[in-house]
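Note sheet for the following structure.
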Amino acid sequence: MAFFGLFSSKQKTSAAAAKERLQILISHERQNREGPDFLPDLQREILDVVKKYVAIRDDQVAIRLDRVGDSSVLELNVTLPER
Amino acid sequence: MATVVTVTSGKGGVGKTTSSAALAAGLAKAGHRTVVIDFDVGLRNLDLIMGVERRVVFDFVNVISGEATLNQALIQDKRMENLSILAASQTKDKDALSEEGVGQVLDQLADMGFEYIVCDSPAGIERGATMALHFADHAVIVTNPEVSSVRDSDRILGILQSKSKRAKEGGKVQEHLLITRYDPVRVDQGEMLSKEDVCDILAVKLIGVIPESKAVLKASNTGVPVILDEDSDAGKAYSDAVARFLGDDRPLRFVTAKKQGLLSRILGGGD
């Protein structure tokens with residue numbers, strides 16, 4: 001079997017898969033790490049304000065900080081329940 | 001001025017204590033007055049790896065709480081007179097390590113003339129680990145070529161870059177990557193992350209690659225830092241790493257698989 005192994009086409013190795021997975025995960029984790037500390041607090045306070053007027057669940061407010069060139073874009077998504 | 005070198009990893013079982021013992025013994029062997037401190041309060045093991053487990057009377061926490069003097073707690077190595085060990089407490093709570101207390105002990109060690117203070121960090125990111133990181137001038141990040149270890153190392157790098165004393169004062173802790181348990185044969189076969197892969201992902205300067213070696217268990221069995229097993233591959237690799245730490249430029253050893261002959265490849269031998 002080893003003889004045929006010499007000529008078989010190279011499949012993606014498990015080490016390559018590990019590297020790819022790590023690169024994606026770590027770049028994501030670094031982004032969160034570099035984000036400002038106030039983001040979780042901001043999200044909670046916005047949620048509280050919205051809750052005063054509309055009954056929504058915690059997961060219906062999403063907040064994201066993206067970097068575009070030199071500036072940061074704060075993206076706020078509030079999903080309002082259908083009436 | 002003493003230099004504080006923290007050996008850390010995030011993940012457990014990757015070789016922090018083995019590396020702390022080797023690094024401290026290597027620095028002492030190179031002629032530098034060195035002390036190695038176990039920060040793993042509650043689960044001390046550095047004493048065992050250094051072979052001084054029967055000589056521990058007072059520990060790090062005793063010194064911080066004023067129950068013993070530093071001189072009473074320091075254990076001088078019997079192999080090298082310029083090497084001392086400060087054991088961790090077995091019984092005390094890890095919260096016993098206050099920032100103020102640890103800082104005072106480190107200052108006192110510097111006053112006593114120690115050139116290098118090697119801090120053996122516990123696993124995790126709790127108090128013992130953050131205290132060991134806090135005062136670091138240099139950090140040796142011990143990483144296995146394996147996904148969870150690499151990820152945890154990156155977490156630790158994040159903490160170093162934001163929470164350490166140097167970072168808070170606007171400076172930077174010097175980071176060094178030490179890859180342990182490296183198996184070049186498996187790397188060649190695509191079964192293990194290569195040293196280049198790990199360096200790419202973590203973006204930290206490589207200080208050494210320690211091969212997977214029987215010498216490491218043998219050394220811990222007998223309580224001798226593996227760097228003192230001068231004929232072993234791991235011992236040589238650690239010596240190289242210490243030399244690089246001290247500014248020597250040395251090529252990596254034990255990082256390529258021994259070439260297999262064509263015949264053994266065809267016959268499938270040698271695996």
Side-chain angles (χ1 to χ4, degrees), chain A residues 1-49 57-77, chain B residues 10-11 125 141 143-164 167-168 175 177 179 181-204 255 257 259-271:
Chain A
M1 291 312 268
F3 181 78
F4 297 105
L6 282 180
F7 300 101
S8 65
S9 66
K10 271 236 163 113
Q11 281 187 330
K12 196 172 129 190
T13 63
S14 66
K19 185 179 184 186
E20 198 183 309
R21 289 174 62 217
L22 273 171
Q23 277 175 325
I24 294 166
L25 176 74
I26 284 179
S27 90
H28 181 76
E29 287 180 342
R30 279 181 191 160
Q31 247 171 19
N32 288 345
R33 196 155 84 202
E34 284 154 15
D37 299 343
F38 63 75
L39 227 49
D41 283 349
L42 180 63
Q43 172 154 4
R44 206 183 47 244
E45 281 184 40
I46 289 173
L47 189 72
D48 288 343
V49 171
R57 292 192 314 272
D58 287 10
D59 61 354
Q60 287 175 306
V61 170
I63 188 164
R64 245 168 64 119
L65 195 70
D66 279 325
R67 226 152 275 165
V68 184
D70 290 344
S71 54
S72 298
V73 177
L74 188 70
E75 185 185 311
L76 180 71
N77 269 312
Chain B
K11 190 174 180 298
I125 50 175
I141 320 289
T143 307
N144 289 169
E146 178 272 326
V147 286
S148 47
S149 174
V150 175
R151 179 202 210 168
D152 289 356
S153 292
D154 194 67
R155 283 271 284 150
I156 288 292
L157 287 167
I159 294 172
L160 269 174
Q161 290 158 8
S162 60
K163 304 250 158 68
S164 63
K168 283 178 179 165
E175 300 157 355
L177 176 64
I179 300 178
R181 309 199 69 163
Y182 195 70
D183 185 340
V185 175
R186 301 196 73 185
V187 171
D188 265 16
Q189 290 166 346
E191 293 176 3
M192 183 181 268
L193 289 164
S194 69
K195 59 186 196 309
E196 290 83 4
D197 290 341
V198 181
C199 288
D200 269 6
I201 295 165
L202 293 178
V204 176
V255 290
K259 288 274 178 292
Q260 260 186 13
L262 181 64
L263 192 65
S264 67
R265 281 167 72 192
I266 291 173
L267 298 174
D271 277 49

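Within every chain, numbering begins at 1; the chains are lettered A, B, ... in the order of the sequence lines, protein sequences first and strands thereafter.
- If you take CG on B:D154 and CG on A:L22, they are separated by 9.0 Å, rounding to the nearest 0.5 Å.
- Counting all heavy atoms, side chain and backbone alike, A:A18 lies closest to B:V147 at CB-CG1, 3.7 Å.
- Across B:V198, B:V187, B:L193, B:L157, the residue that shares the most heavy-atom pairs under 4.5 angstrom with chain A is B:L193.
- Considering only heavy-atom pairs separated by less than 4.5 Å from chain A, the leading option among B:Q161, B:E191, B:M192, B:R151 is B:R151.
- Annotation: the span from A:E20 atom CD to B:D197 atom CG amounts to 11.5 Å, rounded to 0.5 Å.
- Atom NZ of A:K19 sits about 6.0 Å away from atom CD1 of B:I201, to the nearest 0.5 Å.
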